[in-house]
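Reviewing the structure listed below.
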Number of protein chains: 2
Amino acid sequence: MKDGPDLSRIASLVGDPARANMLSALMSGAALTASELALEGGVGLPTASSHLAKLSEGGLVTVASQGRHRYYALAGSEVAAMLEAISGVAASVGPRRVRPGPRDSAMREARICYDHLAGDKGVALFDHLTQKRLLKASGQEAALTPNGRAWFADFGVDVAQLENKRRPLCRACLDWSVRRSHLAGSLGAATLEHMFALNWARREAGSRVVRFTPKGRAEFERLIRA
Amino acid sequence: MKDGPDLSRIASLVGDPARANMLSALMSGAALTASELALEGGVGLPTASSHLAKLSEGGLVTVASQGRHRYYALAGSEVAAMLEAISGVAASVGPRRVRPGPRDSAMREARICYDHLAGDKGVALFDHLTQKRLLKASGQEAALTPNGRAWFADFGVDVAQLENKRRPLCRACLDWSVRRSHLAGSLGAATLEHMFALNWARREAGSRVVRFTPKGRAEFERLIRA
DNA sequence: GTGATACTTTGATTATGATCGAATGGTGAG
DNA sequence: CTCACCATTCGATCATAATCAAAGTATCAC
């Protein structure tokens, strides 16, 4: 026994309902204050503070003090990917959630995953990119082809600028609702950003749901049919 | 809050040290009896039994009664993938494991992941396959090209027979030590099986470590250099 | 049948940690 | 400087669940 890294240490951090809810909220990619997270977690401020200290100590979240606020955020996309993986299992072996509900179906169609697009729409985009050989994916790695570079330029995303950053340009992130990959990395983030700028979609306040406008929906369809 | 599936329910199952050790042991892919798992978990038989009941109830493991033995196994590769994802985070933000130790480096080189090859060797194989366009991977999905089919036939794996099974032929599984993908699915399992049959490697008793023989190491090198 | 083995259940104990009220430490506004 | 606000720390309470001993159930060997 005691092979490999200590699973239980990390898992038990996620294993508390209050902390799990906080982490879910942080999956939106936004940095939230302790009070906001207390609300999300359904606990009092002192309790939330103690939880956040543990998460921070455990390396799952980072904290940035800004004036009298302290902003908490996920420690990285790796943590986000892990949370998606757990969500996947929870959904498949899950408690057979009785009524999916409208919020749930909206989440399945399009949502934020850390900072990029997930759900049916995210997977559809990823599929299109790989099928048209605009993107070459192997496992969690992914790389743009020359054609892909042109495609994104045409769409309006400045790939060259993104490449200067330390963060990987393309990543494949496993989607919990569809169980297939969607585009992550700085390119994934920039793409979603651009869709917001084009007014194709907007975020629903206080949730991970991304709502497409009728126009946006049509344009998106056109984009991935072309 | 209460977006998506219930993370904490699953995570808390993995969050207990005894259960985490048991699950780690099951990552070897073998089905183990309750007494063996009690040993792995470092707890008494009654305790282990209670843990196993919870894991089974939670859908993480399956149980098969055979005579007076009850064999427990991971519920599926999805659960295995989740455990690898958690391992990845645990390793990266980890408790700065002081001494990696020989066992650890052996695990990094080659180990069993559920039923296929993981570690440096597993990733090297996967890289070779995708680079030579023998395998086309996109996210967690992967598909053999015609060339790839020939390559595996040449190696000695009967692909056609594997395709009849319900289980997917190819999958990409994220490796916790290397953080890149290795080959999973029935093809991944059959490949490792064949390597054992060729005497290229054997399993170390009571652990996930796969030890390559000198001959096996050389042959493997040749295989992925060709 | 009897005894032995493999496992689960029950019940009681104990330890861990989640929770909140009250007090404390910083930060910004006036 | 003082007040208001955000957040953490402390202290005490309380609930959950991990643990094992002992008893119970089931299967196999003979």
Side-chain angles (χ1 to χ4, degrees), chain A residues 1-2 6-26 30-74 95 206, chain B residues 1-2 6-26 30-74 95 206:
Chain A
M1 61 178 140
K2 266 282 181 173
D6 186 2
L7 281 175
S8 68
R9 200 180 63 87
I10 299 299
S12 67
L13 284 174
V14 189
D16 178 83
R19 284 195 294 262
N21 285 335
M22 292 179 183
L23 290 170
S24 285
L26 291 175
L32 300 175
T33 65
S35 4
E36 290 171 316
L37 287 169
L39 215 60
E40 291 285 346
V43 292
L45 240 171
T47 307
S49 190
S50 135
H51 282 311
L52 288 168
K54 279 167 198 164
L55 288 175
S56 173
E57 172 69 20
L60 294 190
V61 305
T62 59
V63 55
S65 292
Q66 231 168 80
R68 50 183 164 183
H69 294 281
R70 305 197 74 187
Y71 284 95
Y72 289 90
L74 289 191
Chain B
M1 63 177 142
K2 265 282 183 177
D6 185 2
L7 282 177
S8 68
R9 199 179 64 85
I10 300 299
S12 67
L13 283 175
V14 189
D16 178 83
R19 283 195 295 261
N21 285 335
M22 291 179 183
L23 290 170
S24 285
L26 291 175
L32 299 176
T33 64
S35 5
E36 290 170 318
L37 288 168
L39 215 58
E40 291 285 345
V43 292
L45 238 169
T47 307
S49 188
S50 136
H51 283 311
L52 288 168
K54 279 167 197 163
L55 288 175
S56 172
E57 171 70 20
L60 294 191
V61 305
T62 58
V63 54
S65 292
Q66 233 168 78
R68 51 184 162 179
H69 293 281
R70 306 196 73 186
Y71 284 96
Y72 289 90
L74 289 191

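Just so it is clear, the values below take in all heavy atoms, side chains as well, and ignore hydrogens, waters and symmetry mates. Order of the sequence lines fixes the chain letters, A, B, ..., with proteins taken first and strands second; residue numbering starts at 1 for each chain.
The backbone N or O of B:Ala20 lies less than 3.5 Å from a partner atom in the side chain of B:Ser24, making a donor-acceptor pair. In terms of modelled atom types and a separation under 3.5 Å, the side chain of A:Arg19 and the main chain of A:His51 share no donor-acceptor contact. Distance alone, capped at 3.5 Å, is enough to place a donor-acceptor pair between the A:Ser12 side chain and the A:Ser8 backbone.
Here C:dC20 is the nucleotide among C:dC7, C:dC20, D:dC20 with the atom lying nearest to any side-chain atom of A:Thr47. For B:His69, taking side-chain heavy atoms from C-beta onward, the closest of the listed nucleotides C:dA18, D:dC6, C:dA6 is C:dA6. You'll find that the side chain of B:Lys54 is closest to D:dA18, out of C:dA18, D:dA18, D:dA21. Checked against C:dT8, D:dC6, C:dG21, the side chain of A:Arg68 finds its nearest nucleotide in D:dC6. Side-chain atoms of B:Pro46 lie closest to D:dA22 of the nucleotides D:dT19, C:dA22, D:dA22. In the set C:dC7, C:dT19, D:dA18, the nucleotide with an atom closest to the side chain of B:Thr33 is C:dC7.
The nearest pair of heavy atoms linking A:Ala25 to A:Leu37 is CB-CD2, 4.4 Å. When all heavy atoms are compared, the tightest approach of B:Lys54 to B:Leu13 is O-CD2, 4.0 Å. Scanning all heavy atoms of the two residues, the minimum distance from A:Gly58 to A:Ile10 falls at O-CD1, 4.2 Å.
Put simply, B:Arg70 has no side-chain N or O that comes within less than 4.0 Å of OP1 or OP2 on C:dA6. OP1 or OP2 of C:dA18 sits under 4.0 Å from a side-chain N or O of A:Arg19. Of the side-chain N and O atoms in B:Tyr72, one or more sit less than 4.0 angstrom from OP1 or OP2 of C:dT8.
Here the C1' atom of nucleotide D:dT19 and the CE atom of B:Met22 are 12 Å apart, to the nearest Å. For B:Leu45 and C:dT5, the CG to P distance is 14 Å, given to the nearest whole Å. Atom CG of B:Leu39 and atom C1' of C:dC7 are 15 Å apart (whole Å). Taking atom CG of B:Leu52 as the reference point, atom P of D:dT19 lies 12 Å away to the nearest angstrom.
Non-hydrogen atoms lying under 4.0 Å from DNA chain C are contributed by nothing in residues 11-18 of chain B.
Using a 4.0 Å heavy-atom distance criterion, B:Tyr71 is classed as making no nucleic acid contact.
Side-chain contact between A:Val63 and A:Tyr72: present, with at least one pair of heavy atoms (C-beta onward) separated by less than 4.5 Å.
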